[in-house]
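Starting from 1, each residue takes its place in the sequence as its number. Reckoned from all heavy atoms, side chains included, excluding hydrogens, waters and symmetry mates.
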Amino acid sequence: MSAPAPSTLAIVDAEPLPRQEEVLTDAALAFVAELHRQFTPRRNELLTRRGERRAEIARTSTLDFLPETAAVRADDSWKVAPAPAALNDRRVEITGPTDRKMTINALNSGAKVWLADFEDASAPTWENVVLGQLNLTDAYERRIDFTDPKSGKSYALKSADELATVVMRPRGWHLEERHLQLDGVSVPGALVDFGLYFFHNAQRLIDLGKGPYFYLPKTESHLEARLWNDIFVFAQDYVGIPQGTVRATVLIETITAAYEMEEILYELRDHAAGLNAGRWDYLFSIVKNFRDGGAKFVLPDRNAVTMTAPFMRAYTELLVRTCHKRGAHAIGGMAAFIPSRRDAEVNKVAFEKVKADKDREANDGFDGSWVAHPDLVPIALASFDAVLSEKPNQKDRLREDVSVAPGDLIAIDSLDASPTYDGLRNAVAVGIRYIEAWLRGLGAVAIFNLMEDAATAEISRSQIWQWINADVVFENGEHATADLARKVAAEELAAIREEIGEETFTAGKWQQAHDLLLQVSLDQDYADFLTLPAYEQLR
């Protein structure tokens, strides 16, 4: 008697989408189902381990480099695999979601790399998940165009040699995809995003002289990197492409990962491309992990925590040294400014700040950096051109002058700044505005001339939570309390209603966003990720 055929994935509670059959083929869904069977149990164990580690940090209020992996750090003989040609020069990378217009604009932007984002810059509606995949395949097949229904402006791809190399970012390990289930169990969003993209495009990208390249978000340990590496090995065998074709860049955007950078590169060494310094999620992770550590872990206003803060310098310089020691690319942080079409003075000040930020990164040894808008590509390019000239990167700068002690990475009190009342108001204002857009399916949102994504909302709600629980006293004498947060939120909601008008306000999800922000900012049980309760409301 033959073994029963394995169960297939079910599409649950999802309206049919145009051309979805091109993405959700039987063969692609069978691949995702196999990924789920093979790897979701380990993913679940690693999520449990995150909770255990967080409990240990709550008990000790400290972190250190791992004694059990000291040999990996001490062994100078290993390096990551050499970069493929398409990923050797990464001096400017643009980020953004995979809607049709953004796909064309990002590929045409003049950046070396486009981070095609299914994670923080994309609200995971079924439409965004499936049609985002379709847009990428259409771009590789050069059958993508777009006409803006409002302006009538048309968009089309430039010639192939002018297009950015795509590095795709799947969702983090904590998120499920409720619309794809196996035997009633939701498949992790990361496996859906990775699986559909890899299955459809791995060989297609090889044929284009590139490959399946990925950014791995929210990684908290080298064991999570090991899981990804095993997935890459399995996937390459499954579709029959050479081992080592996949390349992954890991975002070091959690405080625990900052203590395991070498180990993360080691686990991925045949598939590793580099590490990236992700600022807002990193600060969010510090608050999340050290939220009960007392006054010395209280962060000031997010805009006061620049990359020149001592603990942020320690993090970024250690990242550059670690990457270059192991032959990997070090990619810098985000320039999130959105140029104003109406205010030249705003642009002038912002462009100067962007230039200073990118000059610093290039001079510190980074091999590239992120921007959120095509107008910033030339500014970042000029900063890196000045240092790199014709060289594709500066991995030969080993930064052996850098020495970072374990305590340096969590020396939050080395920053001479305190939370302010205006900082509270800004956190509330940005949080409400971002969450409202996310609930409508938008993950990348222009707010106060900055391109914000889910990491922004995470740091906003985390700071409100932390300041209240640390009983912070602002410069105006007011105490951070739940009642004050409610008062400020009510005022911000009223101001938004007045600003946009009753009809637009009622058509949006403003009250829902206000309520959700207060829920995750005021609940004593701190939600690990804002997007978990938010996803329950995303329809």
Polar side-chain atom of [X] near backbone of [Y] as donor-acceptor pair, under 3.5 Å:
X      : Y      : answer
Arg53  : Glu220 : yes
Arg321 : Val402 : yes
Tyr213 : Val166 : no
Ser122 : Glu119 : no

Q: For Gln537, enumerate each residue passing the side-chain hydrogen bond (donor to acceptor under 3.5 Å, both in side chains) test, keeping only those at least two apart in sequence or located in another chain.
A: Gln512
Q) Quick one: side-chain hydrogen bond (donor to acceptor under 3.5 Å, both in side chains) partners of Glu436, sequence neighbours excluded? A) Arg440
Q) Within 45 degrees of the axis of the six-membered ring of Tyr266 and under 6.0 Å from its centre: does Arg269 put its NZ or CZ there? A) yes
Q | Cation over ring face, Lys288 and Phe529, 6.0 Å, 45° | A | yes
Q. Charged N to carboxylate O below 4.0 Å: is that the case for Glu263 and Arg73?
A. yes
Under the salt bridge (charged side-chain N to carboxylate O under 4.0 Å, His left out) test, which residues partner [X], sequence neighbours left out?
X      : result
Asp525 : none
Lys325 : Asp76, Glu262
Arg539 : none
Arg302 : Glu452

Q. Which one of Trp228, Trp370, Phe118 satisfies the ring-ring contact (aromatic ring centres under 6.0 Å, His included) criterion with Tyr215?
A. Trp370
Q. Are there more than 12 heavy atoms of other residues, nucleotides or ligands under 6.0 Å from atom CG of Asp416?
A. no
Q.
Do Glu458 and Asp120 have side chains that approach each other closer than 4.5 Å (heavy atoms only, starting at C-beta)?
A. no
Q) Less than 4.5 Å apart, any side-chain heavy atom of Phe290 and any of Ile412? A) no
Q: Classify the side-chain pair Asp515/Gln511 by whether it contains a donor and acceptor separated by less than 3.5 Å.
A: yes
